[in-house]
Amino acid sequence: METNQNQVASPNPQPNDFLKQMEQFFKTYLYDKAPFHFPPNVKEFLVKFGPWVLLIVILLSIPVLLLALGIGAFTMPFAVITGAGRGMFFFINIAITITSLILEGLALPGLFARKIQGWRFAYYASLLSTLGQLLSGEIIGAIIGLIISMYVLFQIKEYYK
């Protein structure tokens, strides 16, 4: 008797399963059960001009990120000498920020073309940004930022196919 691999439950959950569960959670609570939805004209405005705003943010972030890398590289030896163990967290956060910017850059063509893959890259970038904030100890800001970004993303998701 032959079994279909899609029907067999994996004993070890895959990261993709977790991301799908998170996406379903956000959709349920920030779209399906949300007490307020953006009007269609606001959604259309966000879908039309959002990628342009994202492009500007990415372009403005690059010099700031390069400056932070330079300052971090300069001050790292002093952090090691003084025993301030936050230096490694700084570089982890920079790596997360760079990865998030790359994901946002990958999202742009899809967002302009209104493709779901562009929306997904923006979704992953937002999740990764939140992780960076949490690792930096910005718990309240991370939670508020995650709720706002996911609310907006799930309000406009229907425009991406």
_If you apply the rule side-chain contact (heavy atoms from CB on, under 4.5 Å), what do you find for Leu127 with Leu131, and how did you get there?_
CA-CA 6 Å; Leu127 290 176; Leu131 176 64; over 6 Å; no
*Does some side-chain heavy atom of Ile98 sit less than 4.5 Å from a side-chain heavy atom of Leu65?*
yes
_With ring pair (Phe, Tyr, Trp, His ring centres under 6.0 Å) as the rule and sequence neighbours excluded, what pairs involving residues 130-151 come up?_
Phe38-Tyr151
*Between atom CD of Glu23 and atom OG1 of Thr28, what is the distance when rounded to the nearest 0.5 Å?*
10.5 Å
_Restricting to non-hydrogen atoms, name the atom on Ser136 and the atom on Asn93 that form the minimum distance, rounded to 0.1 Å._
OG-ND2, 2.7 Å
*asked:* Please tell me whether Phe26 and Ile116 are part of a single hydrophobic cluster in this structure, the criterion being side-chain heavy atoms less than 4.5 Å apart.
replied: yes
*Got more than 12 heavy atoms from elsewhere within 6.0 Å of CG, Leu66?*
yes
*About how many Å separate CG of Leu146 and CG of Leu134, when rounded to the nearest 0.5 Å?*
8.5 Å
*Which heavy atom in Ser100 sits nearest to a heavy atom in Ala125, and how many Å separate them?*
OG-O, 3.2 Å
_Looking at Ile139, I'd like to know if its CD1 atom is crowded, meaning that more than 12 non-hydrogen atoms belonging to other residues, nucleotides or ligands lie closer than 6.0 Å._
no
*Ile147-Ile140 co-clustered via ILVMFWY side chain contacts under 4.5 Å*: no
_Within the 4.5 Å heavy-atom criterion, are Phe25 and Met150 side-chain neighbours or not?_
no
*Do Tyr124 and Thr99 touch side chain to side chain, with heavy atoms closer than 4.5 Å?*
no
*Can you name the closest pair of heavy atoms from Leu128 and Ile96 and give their distance?*
O-CG2, 3.3 Å
*Member of Tyr29, Tyr31, Trp119 meeting the ring-ring contact (aromatic ring centres under 6.0 Å, His included) criterion with Phe154*: Trp119
*List the steps and the verdict of salt bridge (Lys or Arg N to Asp or Glu O under 4.0 Å) for Glu158 and Arg114.*
CA-CA 10 Å; Glu158 66 192 87; Arg114 297 188 181 195; over 6 Å; no
*Determine whether Phe36 and Ile148 fall in the same hydrophobic cluster, where Ile, Leu, Val, Met, Phe, Trp and Tyr are linked whenever their side-chain heavy atoms lie under 4.5 Å apart.*
no
*asked:* If I compare all heavy atoms of Phe121 with all of Leu106, which pair ends up nearest, and what's the gap?
replied: CD1-O, 3.7 Å
*Taking atom CG of Leu111 and atom CG of Leu55, what is their separation to the nearest 0.5 Å?*
11.0 Å
*Applying side-chain contact (heavy atoms from CB on, under 4.5 Å), run through Lys48 and Phe112 and close with a yes or a no.*
CA-CA 8 Å; Lys48 187 175 183 179; Phe112 279 117; over 6 Å; no
*asked:* How long is the straight-line distance from CG of Leu19 back to CD of Gln24, given to the nearest 0.5 Å?
replied: 13.5 Å
*Got a sec, which residues hit salt bridge (Lys or Arg N to Asp or Glu O under 4.0 Å) with Lys115, two or more places apart in sequence or on another chain?*
none
*Contact summary for Ala34 and Gln155, nearest pair of heavy atoms*: CB-NE2, 4.5 Å
*For Ile156 and Lys43, which heavy atoms make the closest approach, and how far apart are they?*
CG2-O, 4.1 Å
*Within the distance-only criterion (no hydrogens, no angle test), does the side chain of Ser149 pair as donor or acceptor with the backbone N or O of Gly145 below 3.5 angstrom?*
yes
*How long is the span from the CD atom in Glu138 to the CD1 atom in Ile144, to the nearest 0.5 Å?*
11.5 Å
_Atom pair NZ (Lys27) and CG (Leu153), whose distance is rounded to the nearest 0.5 Å_ = 14.5 Å
